[in-house]
Asker: 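Structure below; questions to follow.
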Amino acid sequence: MIEDFDYSEQQMIVFAHMSLKEFEETDYYRLIEVMNAKPRDKRPKTLWEFAEEIDRKGGN
């Protein structure tokens, strides 16, 4: 588990250009949420979006 945390830290330092201090002072759980965020077109549709899509297609 420690190695997983260290690997995450390494990735943020290398790819996000964070300093070691910045990473260690960051809210880790919030950082993980942000890093796992998906663009709108890759997220599951809400029920309302699904219904709107069916309405646009004519409900066939």
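In what follows, residues are counted from 1 in the order of the sequence shown.
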Asker: Going by the rule side chain to side chain contact (heavy atoms under 4.5 Å, CB included), which residues pair with Ala51 if we only count those two or more places apart in sequence or in a different chain?
Answerer: none
Asker: For Arg43, is the CZ atom crowded, meaning more than 12 foreign heavy atoms sit under 6.0 Å from it?
Answerer: yes
Asker: Suppose we screen for side chain to side chain contact (heavy atoms under 4.5 Å, CB included). Which residues come up paired with Glu53, at least two apart in sequence or across chains?
Answerer: Lys45, Arg56, Lys57
Asker: In the hydrophobic clustering (ILVMFWY, side-chain contacts below 4.5 Å, transitive), which residues join Leu20, or is it alone?
Answerer: Ile13
Asker: With sequence neighbours excluded, what pairs up with Pro44 under the side chain to side chain contact (heavy atoms under 4.5 Å, CB included) test?
Answerer: none
Asker: Once side chain to side chain donor-acceptor pair (under 3.5 Å) is applied, do any residues pair with Glu9, and if so which ones, sequence neighbours excluded?
Answerer: none
Asker: Which residues satisfy the ring-ring contact (aromatic ring centres under 6.0 Å, His included) test with Phe50, sequence neighbours excluded?
Answerer: none
Asker: Please evaluate residues Glu52 and Asp55 with respect to the criterion side-chain contact (heavy atoms from CB on, under 4.5 Å), reporting the C-alpha separation (whole Å), side-chain torsions for both, the decisive distance (0.1 Å), and the verdict.
Answerer: CA-CA 5 Å; Glu52 185 178 291; Asp55 284 344; 5.6 Å; no
Asker: How many angstroms lie between atom CE of Met18 and atom CD of Gln11, to the nearest 0.5 angstrom?
Answerer: 13.0 Å
Asker: Among all residues two or more places apart in sequence or in another chain, which pass the side chain to side chain contact (heavy atoms under 4.5 Å, CB included) test with Leu31?
Answerer: Met12, Phe23, Thr26, Met35
Asker: If a pair satisfies salt bridge (Lys or Arg N to Asp or Glu O under 4.0 Å) and one of its residues is in residues 28-38, list it, with sequence neighbours excluded.
Answerer: Arg30-Glu33
Asker: To the nearest 0.5 Å, what is the distance between NE2 (His17) and CD (Glu22)?
Answerer: 11.5 Å
Asker: Sequence neighbours left out, what passes side chain to side chain donor-acceptor pair (under 3.5 Å) with Tyr29? Give chain and number order.
Answerer: none
